[in-house]
**Student:** 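This structure is in structure tokens; I'll ask about it shortly.
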Amino acid sequence: GLGLTNTKDGNFGEWYSEVVTNGEMIEYYNISGCYILRPWAMSIWEIMQVSITIYIHAEIKKMKIKTCYFPLFVSNNVLQKEKDHIQGFAPEVAWVTRSGDSELEIPIAIRPTSETVMYPYFSKWIRGHRDLPLKLNQWCNVVRWEFSNPTPFIRSREFLWQEGHTAFATKEEADTEVVEILELYRRLYEEYLAVPVVKGKKSEMEKFAGGLYTTSVEAFIPHSGRGVQGATSHCLGQNFAKMFEIKFEDEKGEKAMVWQNSWAYSTRTIGVMVMVHGDDKGLVLPPKVAGVQVIVIHLPYSDADVDALVNASLETVKALCDVGIRAEADLRENYKPGWKYAHWEMKGVPLRIEIGPRDIAKNQVCVARRDNGKKIDIPMDDLVDKVKGLLDDVQQNMFEVAKQKRDACVQVIKTWDEFIVALAQKKLILAPWCDEEEVEKDVKTKTKGETGAAKTLCSPFEQPELPKGTLCFASGKPAKKWTYWGRSY
Ligand SMILES: O=C1CCCN[C@@H]1CCCn1cnc2cc(F)c(F)cc2c1=O
Ligand SMILES: [Mg+2]
């Protein structure tokens with residue numbers, strides 16, 4: 001029957017796996033690290049796609065990013081072109097080596113990301129400064145044959161994402177876009193997924209080696225005590241322009257290299273949302289991204305007028321759909337109301353409307369919230385306004401609760417001993433750091449354990465005050481910046 005065998009506090013990993021499958025988001029596949037995304041997951045991804053597309057294409061934002069699509073396959077010589085950043089990733093690259101029973105002359109890689117696919121054409125298309133800024137985005141899948149423990153949405157060998165690739169005449173324009181895109185990602189997390197994130201800059205060691213600097217929105221999973229990189233926005237500098245000779249003739253008629261960015265938001269975001277909001281009854285979906293926001297269930301007690309109940313259910317669904325609320329009725333006769341309650345709670349539908357004979361008599365409905373379980377009777381005359389208000393309340397409440405839980409995990413520390421204690425307590429650690437890579441490597445080495453080493457997550461743009469003379473928690477050298485540390489996915 002229904003119900004989870006694992007609790008979120010009991011065995012988080014098993015709980016998560018059960019919730020994404022019982023919630024009908026994921027079906028496990030017979031190739032490790034690959035998952036089937038069922039409609040309940042795809043409906044969320046589609047809402048994210050629409051939201052991002054409206055945001056980046058809308059005139060109001062004047063971002064004017066155009067959608068393109070480049071091939072899945074990368075020729076070997078092109079992929080290897082960006083030597084230093086690829087060599088670290090080589091083990092993850094998947095290759096096509098034959099078609100049918102004939103070997104390919106030269107193996108062809110499947111894109112793990114599209115810089116090397118796109119940039120030879122950026123070089124061809126960008127000639128004069130009038131060709132700038134060039135701003136392209138594609139929605140696609142990418143393949144990275146990772147070996148660390150696969151986790152649905154969070155770490156899979158194939159995932160869906162959007163990858164934006166832009167080119168500018170000046171560094172200033174690139175720097176500006178990096179933070180504009182990061183703000184878009186923050187809003188998607190906080191206003192749609194109801195997940196609090198920190199905006200910050202990656203350390204030199206954690207950044208994308210092929211770029212100039214990396215910014216990211218960092219989420220945190222209280223139950224596992226792990227940070228998770230939510231989405232990234234890189235400034236690539238002129239590194240790829242040099243490599244792929246992407247130059248333009250500036251106003252003075254001189255050849256200059258472009259400044260580039262690349263940024264991505266992937267299906268990992270769905271996993272983060274599930275981990276943060278899910279509970280022991282299953283998924284809890286934020287209304288903004290829920291494929292079904294309201295499920296209507298009628299209560300056909302033996303002596304009830306079933307037709308009246310069914311009609312009231314259909315009327316309720318129609319009234320809500322007419323104002324753009326995603327409502328459905330579960331009228332199946334072969335399931336009892338109790339089973340339906342558990343089923344739709346497992347799927348995380350934000351509101352359940354119950355309609356029984358008593359509700360018909362009083363011309364009202366009873367609404368149950370998935371986030372806090374509260375029940376409210378609503379007169380049919382106020383249905384639309386009250387349900388709209390409730391959906392907003394649920395969205396807001398889910399964010400507030402998640403933010404309060406995340407903030408409760410933050411531990412500010414000053415010394416190594418405090419750091420080790422906080423790490424053992426699964427905290428999100430904020431510490432003063434000397435910003436030296438050797439020290440970062442040393443912390444990783446010293447904290448290696450079966451649950452993974454501690455690493456820097458980001459240095460928050462919002463820096464707390466750093467009193468003069470504050471020392472680095474790990475090296476004792478003068479601290480340069482406050483940085484978030486923790487174990488991560
Ligand atoms: O993260 C982004 C945003 C969207 C476009 N790409 C950038 C950097 C991706 C960094 N990265 C990440 N993973 C990789 C895995 C590989 F197998 C490989 F060959 C290359 C890479 C790789 O370059
Ligand atoms: Mg990786």
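Just follow the structure's listing: the first ligand is 1, and inside any ligand the first atom is 1.
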**Student:** Considering only heavy atoms of Val93, which atoms of ligand 1 have at least one such atom less than 4.0 Å away?
**Tutor:**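 It comes down to these atoms of ligand 1: 17 (F), 19 (F).
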
**Student:** Side chain or backbone, does His234 bring an N or O within less than 3.5 Å of an N or O on ligand 1?
**Tutor:**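 His234 vs ligand 1: N/O contact under 3.5 Å present.
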
**Student:** In chain order, what residues pass the salt bridge (charged side-chain N to carboxylate O under 4.0 Å, His left out) check against Glu436, with sequence neighbours excluded?
**Tutor:**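 Per chain and number, Glu436 pairs via salt bridge (charged side-chain N to carboxylate O under 4.0 Å, His left out) with Lys477.
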
**Student:** Using a 4.0 Å cut-off to any heavy atom of Trp263, which atoms of ligand 1 qualify?
**Tutor:**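 Counting from 1, the qualifying ligand atoms are 3 (C), 4 (C).
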
**Student:** If we count only N and O atoms by modelled type, under 3.5 Å, do the side chains of Gln396 and Asp392 hold a donor and an acceptor together?
**Tutor:**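 Note: Gln396 and Asp392 side chains miss the donor-acceptor criterion.
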
**Student:** Would you mind telling me if ligand 1 is within reach of the side chain of Phe89, the backbone, both or neither, using heavy atoms under 4.0 Å?
**Tutor:**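 Phe89 to ligand 1: contacts from backbone and side chain alike.
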
**Student:** Counting only heavy atoms, which portion of Trp161 has something under 4.0 Å from ligand 1: side chain, backbone, both, or neither?
**Tutor:**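 Looking at Trp161 and ligand 1, just side chain atoms fall under 4.0 Å.
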
**Student:** Do side-chain atoms of Thr7 reach the backbone of Asp280 as a donor and acceptor pair under 3.5 angstrom?
**Tutor:**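 Between the backbone of Asp280 and the side chain of Thr7 there is no qualifying donor-acceptor contact (under 3.5 Å).
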
**Student:** Would you check whether Glu163 has a nitrogen or oxygen atom less than 3.5 angstrom from a nitrogen or oxygen atom of ligand 1?
**Tutor:**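 No, since none of the N or O atoms of Glu163 sits under 3.5 Å from an N or O of ligand 1.
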
**Student:** Within a distance under 4.0 Å of any heavy atom of Ala264, pick out the atoms of ligand 1 and give their elements.
**Tutor:**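 Going through ligand 1 atom by atom, the ones under 4.0 Å from Ala264 are 3 (C), 4 (C).
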
**Student:** Heavy-atom contacts with Pro112 under 4.0 Å: which atoms of ligand 1 show up? List them by number with element.
**Tutor:**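 In order of numbering, the contacting atoms are 15 (C), 16 (C), 17 (F), 18 (C), 19 (F).
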
**Student:** Does NZ or CZ of Arg157 fall inside the cone over Phe147's six-membered ring, less than 6.0 Å from its centre and within 45° of the axis?
**Tutor:**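 Verdict for Phe147: a cation-pi partner in Arg157.
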
**Student:** Under 4.0 Å from any heavy atom of Thr232, which atoms of ligand 1 are there?
**Tutor:**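 Taking each heavy atom of Thr232 in turn, ligand 1 has 1 (O) under 4.0 Å.
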
**Student:** Considering only distance and modelled atom types, tabulate donor-acceptor pairs under 3.5 Å from the side chains of residues 256-266, sequence neighbours left out.
**Tutor:**
| from | atom 1 | to | atom 2 | distance (Å) |
| --- | --- | --- | --- | --- |
| Gln260 | OE1 | Ala241 | N | 3.4 |
| Asn261 | ND2 | Ala174 | O | 2.8 |
| Asn261 | ND2 | Glu177 | OE1 | 2.9 |
| Ser262 | OG | Glu115 | OE2 | 3.3 |
| Trp263 | NE1 | Glu177 | OE1 | 3.1 |
| Ser266 | OG | Arg268 | N | 3.1 |

**Student:** Between Tyr489 and Arg226, is there a cation-pi geometry (under 6.0 Å to ring centre, at most 45° from the normal)?
**Tutor:**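 Judged by the rule (NZ or CZ under 6.0 Å from the ring centre, within 45° of its axis), Arg226 counts as positioned above Tyr489.
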
**Student:** Out of Glu92, Met118, Gln162, whose heavy atom is nearest to atom 15 (C) of ligand 1?
**Tutor:**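 Selected option, by shortest heavy-atom distance: Glu92.
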
**Student:** Can you label the angle between the Trp125 ring and the Tyr121 ring as parallel, tilted or perpendicular, going by 30° and 60°?
**Tutor:**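 Geometry flag for Tyr121 against Trp125: tilted rings.
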
